[in-house]
Amino acid sequence: MSKDPLLARAQGVWQELASVSVPVSFGAAGEIDVVVSPGSRICPPGWVGIVLLGGAAIVTAPSREAADRVRVAVAGLPVDRLTDPESVGGVLPTREVLGPAVLAYVAEDGFRPAAPPTGLRVEEAAAGSVDLAGLERAAGAADADEAGLDEMSSPAFVVRAAGQVVAAAGYREWPGRAAHVGVLTAPAWRGRGLARATGSSAVRHALAQGLLPQWRARVPASRNVAVALGFSELGSQLSVEPARAPELRLGTARSGKGSSTMRRSNRPKGQDR
């Protein structure tokens with residue numbers, strides 16, 4: 001049976017990011033490919049990166065020792081639990097966790113455009129030409145960091161009210177011709193469809209460039225916006241920093257610890273700050 005084209009493209013993006021020095025690939029549903037890839041771009045340096053798509057998983061480890069530990073640890077886990085922090089933390093002692101996040105994608109034939117509310121419009125402007133500082137302050141550092149609009153390579157798609165930007169979206173082009181979409185709305189303007197409207201414009205632009213729109217989300221509200229635009233949730237991602245050997249001996253490793261930021265792992269390595 002041939003693989004779904006959307007899934008195949010999504011898997012191709014993450015395979016390219018993971019396989020810097022060694023080949024890695026998604027197998028059949030239920031299979032896990034664990035490889036040593038210290039230059040992996042699916043997680044911060046020195047971490048273990050896990051991506052689950054279409055029921056199959058790829059896992060990158062920074063060293064042979066770490067890869068051996070991961071293989072033993074995940075052998076008894078169902079593949080669909082590989083991006084669950086508690087499940088992974090229960091078998092692999094970790095120091096810190098980033099994620100999980102749901103990975104969603106859309107093709108042109110599944111895209112459902114959204115218009116802005118009556119009386120408002122989405123403006124397109126060159127990247128870097130729109131001052132988003134006020135919007136980012138209003139949204140808060142955590143949400144602004146998650147959206148990553150300061151790193152977008154696309155035009156900015158914004159909605160203004162009384163001359164102020166109250167919502168914005170854009171995307172950053174990733175290896176594998178993926179368009180990683182980011183959306184941000186001022187708290188006072190949420191729940192009015194502005195995320196859908198600006199996100200829709202960004203997705204439309206990405207599709208016109210032949211790119212694969214990718215929407216990564218942790219919170220239900222963001223996932224709901226993606227689904228409303230026609231995105232299909234195909235998998236998830238988790239990054240973990242494994243405990244070092246002394247911590248394992250002393251029993252001080254922290255398992256399943258959550259993190260409020262995904263910024264370090266939401267871009268290919270080399271773009272992290």
Is the side chain of [X] donor-acceptor paired with the backbone N or O of [Y] at a distance under 3.5 Å, no angle test?
{"X": "Arg71", "Y": "Val34", "result": "yes"}
{"X": "Arg41", "Y": "Glu16", "result": "yes"}
{"X": "Ser129", "Y": "Ala126", "result": "yes"}
{"X": "Arg112", "Y": "Val227", "result": "yes"}
{"X": "Gln237", "Y": "Gly99", "result": "no"}

Between [X] and [Y], what is the shortest heavy-atom contact and its length?
{"X": "Ala107", "Y": "Leu207", "result": "C-CD2, 4.2 Å"}
{"X": "Ser200", "Y": "Pro113", "result": "OG-CA, 3.3 Å"}
{"X": "Pro62", "Y": "Pro38", "result": "O-CB, 3.5 Å"}
{"X": "Ala67", "Y": "Val36", "result": "CB-CG2, 3.6 Å"}
{"X": "Ala133", "Y": "Asp131", "result": "N-OD1, 3.0 Å"}
{"X": "Thr198", "Y": "Val183", "result": "OG1-CG1, 3.9 Å"}

Starting at [atom1] of [X], measure out to [atom2] of [Y] and round the result to the nearest 0.5 Å.
{"X": "Ile50", "Y": "Asp84", "atom1": "CD1", "atom2": "CG", "value": "10.5 Å"}
{"X": "Asp150", "Y": "Asp145", "atom1": "CG", "atom2": "CG", "value": "7.5 Å"}
{"X": "Leu211", "Y": "Arg172", "atom1": "CG", "atom2": "CZ", "value": "13.0 Å"}
{"X": "Leu120", "Y": "Trp189", "atom1": "CG", "atom2": "CH2", "value": "5.5 Å"}
{"X": "Gln209", "Y": "Ser153", "atom1": "CD", "atom2": "OG", "value": "10.0 Å"}
{"X": "Gln11", "Y": "Leu6", "atom1": "CD", "atom2": "CG", "value": "10.0 Å"}

Cluster overlap [X] with [Y], hydrophobic side-chain contacts below 4.5 Å:
{"X": "Leu234", "Y": "Trp174", "value": "yes"}
{"X": "Val59", "Y": "Val72", "value": "no"}
{"X": "Val122", "Y": "Leu194", "value": "yes"}
{"X": "Leu103", "Y": "Ile58", "value": "yes"}
{"X": "Leu229", "Y": "Val181", "value": "yes"}

Legend entry - Cationic N near anionic O, under 4.0 Å, Glu86 to Arg81: no

Legend entry - Pair listing, ring pair (Phe, Tyr, Trp, His ring centres under 6.0 Å) test, anchored in residues 206-237, at least two apart: Trp215-Phe231

Inset, instruction - Could you list all the side-chain hydrogen bond (donor to acceptor under 3.5 Å, both in side chains) pairs where at least one residue sits in residues 99-109, not counting sequence neighbours? - result: Trp14-Tyr105, Tyr105-Gln214

Is [Y] close to [X] at the side-chain level, that is, under 4.5 Å between some pair of heavy atoms?
{"X": "Glu241", "Y": "Cys43", "answer": "no"}
{"X": "Pro44", "Y": "Leu98", "answer": "yes"}
{"X": "Glu124", "Y": "Phe157", "answer": "yes"}
{"X": "Leu92", "Y": "Val240", "answer": "yes"}
{"X": "Pro175", "Y": "Val13", "answer": "no"}
{"X": "Arg177", "Y": "Leu212", "answer": "no"}
{"X": "Pro155", "Y": "His205", "answer": "yes"}
{"X": "Val48", "Y": "Thr60", "answer": "no"}

Inset, instruction - Apply the test side-chain contact (heavy atoms from CB on, under 4.5 Å) to residues Asp68 and Arg64: give CA-CA distance (whole Å), side-chain angles for both, the deciding distance (0.1 Å), then the verdict. - result: CA-CA 6 Å; Asp68 289 343; Arg64 182 172 297 178; 4.0 Å; yes

Inset, instruction - Before giving the answer on side-chain contact (heavy atoms from CB on, under 4.5 Å), spell out for Leu132 and Met152 the whole-Å C-alpha distance, their side-chain angles and the decisive distance to 0.1 Å. - result: CA-CA 12 Å; Leu132 300 177; Met152 62 185 172; 4.1 Å; yes

Inset, instruction - Test side-chain contact (heavy atoms from CB on, under 4.5 Å) on Val165 and Val159 and set out the steps. - result: CA-CA 6 Å; Val165 176; Val159 172; over 6 Å; no

Inset, instruction - Please step through side-chain contact (heavy atoms from CB on, under 4.5 Å) for the pair Arg218 and Glu146, ending with a clear verdict. - result: CA-CA 10 Å; Arg218 293 179 299 126; Glu146 181 84 4; 3.4 Å; yes

Inset, instruction - Establish, from distance only, whether the side-chain atoms of Ser236 and Thr83 form a donor-acceptor pair under 3.5 Å. - result: yes

Legend entry - Sequence neighbours excluded, every pair satisfying salt bridge (Lys or Arg N to Asp or Glu O under 4.0 Å) that has a member inside residues 184-198: Asp143-Arg190

